[in-house]
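These notes concern the structure reproduced below.
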Protein chains: 2
Amino acid sequence: MSSNIKDVARHAAVSISTVSRVMNMPDKVAKETRDKVLNAIRELNYMPNALARGLIFKRTKSLGVLIPDISNMFYSEMLHGMEAAAHDQNYNLILCNTDNNKTRMMESLSVLKEKQIDGLIFTSEPIYPDYHELFLKLQIPIVLAATHSLEYDLPSVKVNDEQASYDATEYLIKNGHRQIGMICGSITDQVTAMPRLQGFLRALKVHQMEADMEKLVEFGSYKFEDGYHAMHKLLEKYPDITAVFAAGDERALGAISYLHEKGKSVPEDISVIGFDNLRLSQMSIPKLTTVGQPLYEIGYLAVEKLDHLIQKEHVPELRTYVDHQIVERQSVKMRNHESV
Amino acid sequence: MSSNIKDVARHAAVSISTVSRVMNMPDKVAKETRDKVLNAIRELNYMPNALARGLIFKRTKSLGVLIPDISNMFYSEMLHGMEAAAHDQNYNLILCNTDNNKTRMMESLSVLKEKQIDGLIFTSEPIYPDYHELFLKLQIPIVLAATHSLEYDLPSVKVNDEQASYDATEYLIKNGHRQIGMICGSITDQVTAMPRLQGFLRALKVHQMEADMEKLVEFGSYKFEDGYHAMHKLLEKYPDITAVFAAGDERALGAISYLHEKGKSVPEDISVIGFDNLRLSQMSIPKLTTVGQPLYEIGYLAVEKLDHLIQKEHVPELRTYVDHQIVERQSVKMRNHESV
DNA sequence: CTGAAAGCGCTTACAG
DNA sequence: CTGAAAGCGCTTACAG
C-alpha cells in the first residue's frame, strides 16, 4: 500500500542510494537526477519509514513522558509546555499515565525503552531506589520535571518549594495575620509536601510566632474534597484562625467551599492562599490569591534540558530551580494590626 | 551499550533464530535451550528493539493523538480515557498539540505517519476537505473523538449535542424559567456550537416560547473570560433574564463571575446551567448544574474503536453517540410558575 | 528442535 | 555524480 524507497527508485529509474541521497544530502545529487527523484516522491506520495531510519541512526526523535495523572490540571499544563518544546526541537512525546502505580510506571518505562525513546521526562513522585536502579539499567537520558532527587544526580527542573512556601506564609503575616493554619500534602511526600511544611514553619519562627505543627497543620491529598475535609478539621482544632495556606489550588478551593458552607466569608472572615496558580484559581469566587509556579515553563525547560543531555551527554546545571511568585487576587484580606 | 540479540545468542551459545524463538514461540524451543537463553537475556538485561520488530510486523503498537490544547481540561480528561484504553490494549500514545493550527496539524500527522503509527485519534475540530484528502493519502485508520463528520464516513464517538442542549434548555423550562438566554460557541463551529444552538432553539419552540436568536444568544470562545464578556452583553440586551444556558462549563463560570460582580446572586437572581461536567464544575460556588458528557469514556471508547478498526479493518458502528445526563447541583433555581 | 539465509526499509562508506 | 553491498536488529520460512 504505502510506497517505499524501492518504488521511488524504480519510478525514477535510479538506485535506492540515489533516492536516499536526495533526501539526506540533496546537493550531492545532480540537479536533473534530483528533480526526477523528487517528482517520483511526489507522485507516489512517498514518506520515509522512520523505523528504518531510527534503526540506523539509533535515534528516534521520540521522548517518553511519565505522568501520574494526565487529567490533573497541574500535569496537563506542564505537559503543554513539554509538547511545545518537543515540537520546537522536532521531538514527539509518548505519553504514559502511571496512576501513581510503581509497577505500571516500571512497565511503561520498559516498553518506552524498547521503543527506543531518545530520552525521558519523569514528573513528580520521589525517586525510589528501585526507580534509580531501573534508570541505570535502562541507560536512558532522564530529566525530572516538578520533582528532583537529592540522593541521586539526576537533572531536574522545579520550583524551590520551601522558599515558595515561606513566601506565601510571610505574605499572610505581612497582611496582618497572626493565626495561620496550613493544609498540607501527605507528610510522607518528601519532594513537595515536606519542604512546603518546612517553609511554612520557618516563616512562623522567623516572625516569632507559634509554630506548633499539631495545632496548625492538617494533612491530606491534593483534591478538592481533601481540602474541604482538611479545612473542616483545621477549623475545629483552631477556631480563631484568620488565614490558611492551602498548599495546592484545588485544596484551597475545597477549603473555600467548606468555609462558604459554614457561613464564613473569604476573605472577610478567613483569608486563603493557594499554591500552583492553576487556571482554575482565576475562576473561583473570590479569585484565588496563590503562589504561582510556572508549570508550562517547567515543562518547556525540562524538555530543553533533556535535549541538551541527549545531544551533549551532559547538562549545564544539574538542578534548576525556577522562580515562583505571589499572585495577588482576592482571597487574602489585609488585617489591621490592632485587631491582632 | 545496550545488548542486542547477537549478544544474547553469543552468551547462550545458540543462534539468533533460537533467541528470537524463545521470545516469540517459546514452546517450540527445548526447555534446556530455552532456560539457557532466558538466563542470557536476564544477565545481559536484554530488551528487544521495537523498531526492528515494527519494521517486520508493520505494526508499532503506537497510536497518534491530535489534540488542539492539552492544557484544556476538556481534552485532558478525554486523553486520560484514551490512555487507559491504550494501556489496556497494549498501545502507546504519541501526543501532538495542534494549537488549532491547520498547518501544524497536517505536519504532525505526516511525522506520525512516518513513525508508522497504527492508527490515529483526532479530536474536536471539523473535518475540512483538505484534512480528509490527507487522511486518504496517508491511509491511516482514524477515529474521531468528541467530533464527527457528516460529509465523510469516518468512525466517531461523541455525545448528541443537539439533544443534550435541548435537554439542558428543557430542564430550565421545567424549573419554571421563561426568560432564558444562551452563551454559545462560535456560530462557524458546525460540529459543536451549531447543534447546541439548534437544540436550544428547538426546546424553546416546542414549549411555545419566543426563539429570537438575536435577542437570546451571545457567541464567543470557550474560555472563562469569553463567558464573562458574553454574560455582560447578554444581560445588557436582555435584562429580565432568569436563566442562562452556557454551552461549556468554563463559560458558565465566567458568566457566574460576571453576575457575582454585578451583585446578582446565582441561582437566586439568575440560574446558570453549564455543559461538559468538567471537574471544576464541582469546585465553584455555587456548584455548577451542568449537562455532563462522559469525556473519559469518549476517549476510552474512541481508542477501543480504533483498535477494532485496526484489527478487523472495519467498525461495528460508524458514528457512536454516547449518553449525556443532567447533573443537578446548585446553580439552577426552581421558580414558582406564578412568577412567570 | 535448531541454524543459515533472506528480508523489513532504510543509510553510508566504498568503488568507479 | 551514481550504484552495489553491507549493515541497523529483528523474524520467519526453509532445510536439516
Side-chain angles (χ1 to χ4, degrees), chain A residues 1-38 40-41 44-62 110-118 138-139, chain B residues 1-38 40-41 44-62 110-118 138-139:
Chain A
M1 64 198 258
S2 278
S3 58
N4 61 24
I5 199 172
K6 269 191 208 164
D7 300 324
V8 176
R10 201 177 309 128
H11 197 89
V14 297
S15 74
I16 62 166
S17 316
T18 300
V19 177
S20 177
R21 259 181 226 110
V22 336
M23 305 201 70
N24 297 299
M25 15 189 178
D27 11 275
K28 302 221 167 231
V29 179
K31 181 169 179 1
E32 211 181 335
T33 323
R34 198 196 312 145
D35 290 346
K36 243 185 355 183
V37 172
L38 256 15
I41 287 176
L44 298 178
N45 282 327
Y46 170 69
M47 307 182 85
N49 184 323
L51 300 185
R53 311 186 85 206
L55 207 48
I56 294 166
F57 291 134
K58 297 181 182 321
R59 189 171 62 43
T60 54
K61 278 290 172 182
S62 294
S110 292
V111 349
L112 289 175
K113 168 69 179 183
E114 292 184 2
K115 292 196 175 179
Q116 311 298 121
I117 51 167
D118 295 338
L138 261 32
Q139 296 262 68
Chain B
M1 64 195 260
S2 276
S3 58
N4 61 25
I5 198 171
K6 269 191 207 163
D7 301 322
V8 177
R10 199 177 310 125
H11 197 90
V14 297
S15 74
I16 62 166
S17 317
T18 298
V19 176
S20 178
R21 260 183 224 107
V22 337
M23 307 202 70
N24 297 297
M25 16 188 179
D27 10 277
K28 302 224 169 230
V29 179
K31 181 170 180 355
E32 211 183 333
T33 322
R34 199 196 312 146
D35 289 345
K36 241 182 0 180
V37 172
L38 256 15
I41 288 177
L44 298 178
N45 281 330
Y46 170 68
M47 306 183 85
N49 184 321
L51 300 184
R53 312 186 86 207
L55 206 49
I56 294 167
F57 291 135
K58 297 180 182 326
R59 191 172 60 42
T60 54
K61 278 289 172 183
S62 294
S110 292
V111 348
L112 290 175
K113 168 70 180 181
E114 292 184 1
K115 293 197 175 177
Q116 311 298 119
I117 51 167
D118 295 337
L138 262 31
Q139 296 262 65

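Note: hydrogens, waters and symmetry copies are ignored here, and every other heavy atom, side chains too, is used. In what follows, every chain begins at residue 1, and chains take the letters A, B, ... in the order their sequences are listed.
Proximity of B:K6 to the phosphate of D:dC10: no side-chain N or O atom is located under 4.0 Å from OP1 or OP2. OP1 or OP2 of C:dG3 sits under 4.0 Å from a side-chain N or O of B:T18. Between D:dT11 and B:N24, a contact under 4.0 Å exists linking OP1 or OP2 to a side-chain N or O. Phosphate proximity of C:dT11 to A:R53: present, with a side-chain N or O under 4.0 Å from OP1 or OP2. Contact check, A:S17 against D:dG3: no side-chain N or O comes under 4.0 Å of OP1 or OP2.
When distances run from any side-chain atom of B:I56 to the nucleotides C:dG7, C:dC14, C:dG9, the shortest one goes to C:dG7. Listed nucleotides C:dT2, C:dC10, C:dC8 differ in distance to A:N49; the shortest reach to its side chain belongs to C:dC10. Closest to the side chain of B:S20, out of C:dC10, D:dT12, C:dG3, is D:dT12. Which of C:dC10, D:dG3, D:dC14 sits closest to the side chain of A:V14 comes down to D:dG3. Considering only the side chain of A:I5, C:dT11 comes nearest among D:dG9, C:dT11, D:dC10.
Base engagement by A:K28 is indicated by at least one non-hydrogen atom pair under 4.0 Å involving a base atom. In this structure, B:I16 reaches the bases: a heavy-atom distance under 4.0 Å links it to at least one base atom across the strands shown. At the heavy-atom level, B:V19 lies nowhere under 4.0 Å from the strands shown. Residue A:M47 is in sugar-phosphate contact alone, with no base atom involved, counting any heavy-atom pair closer than 4.0 Å across all strands shown.
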Kindly indicate, with the supporting measurements, whether the criterion side chain to side chain contact (heavy atoms under 4.5 Å, CB included) is fulfilled by A:K113 and B:S2.
CA-CA 10 Å; A:K113 168 69 179 183; B:S2 276; 3.1 Å; yes
Please step through side chain to side chain contact (heavy atoms under 4.5 Å, CB included) for the pair A:N4 and A:N49, ending with a clear verdict.
CA-CA 8 Å; A:N4 61 24; A:N49 184 323; over 6 Å; no
Could you please spell out the steps behind the side chain to side chain contact (heavy atoms under 4.5 Å, CB included) verdict for A:M23 and A:V37?
CA-CA 9 Å; A:M23 305 201 70; A:V37 172; over 6 Å; no
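Whole-Å rounding puts the A:M25 CE to D:dG3 P distance at 14 Å. Between B:M23 atom CE and C:dT2 atom C1' the separation is 18 Å, expressed in whole Å. The distance between atom CD of A:E114 and atom P of D:dG9, rounded to the nearest whole Å, is 15 Å. Protein atom CG of B:L44 is 14 Å distant from nucleotide atom P of D:dG9, rounded to whole Å. We find that CG of A:L55 is positioned 8 Å from C1' of D:dC10, with the value rounded to whole Å. One can place CZ of A:R10 at 15 Å from P of D:dG3, the figure rounded to the nearest angstrom. If you measure from atom CZ of B:R21 to atom P of D:dA13, you get 11 Å, rounded to the nearest angstrom. Taking atom CD of B:E32 as the reference point, atom P of C:dC1 lies 13 Å away to the nearest angstrom.
For the residue pair A:V22 and A:V29, the shortest heavy atom distance occurs at N-CG2, 4.0 Å. Nearest heavy-atom pair across B:Q116 and A:P48 is OE1-O, 4.4 Å. Closest of all the heavy-atom pairs between B:L51 and A:G54 is CD1-C, 3.6 Å.
A side-chain N or O of A:K115 and one of B:S62 form a donor-acceptor pair less than 3.5 Å apart.
Judged by a 6.0 Å distance limit and a 45° cone about the ring axis, A:R53 is not positioned over the six-membered ring of A:F57.
Stem analysis of DNA chain D (Watson-Crick or G-U pairs, both distances under 3.5 Å, runs of at least three) returns C:1-3 with D:14-16, C:5-12 with D:5-12, C:14-16 with D:1-3.
Of the two residues near DNA chain C, A:F57 and B:K58, the one whose nearest nucleotide lies more 5' is B:K58.
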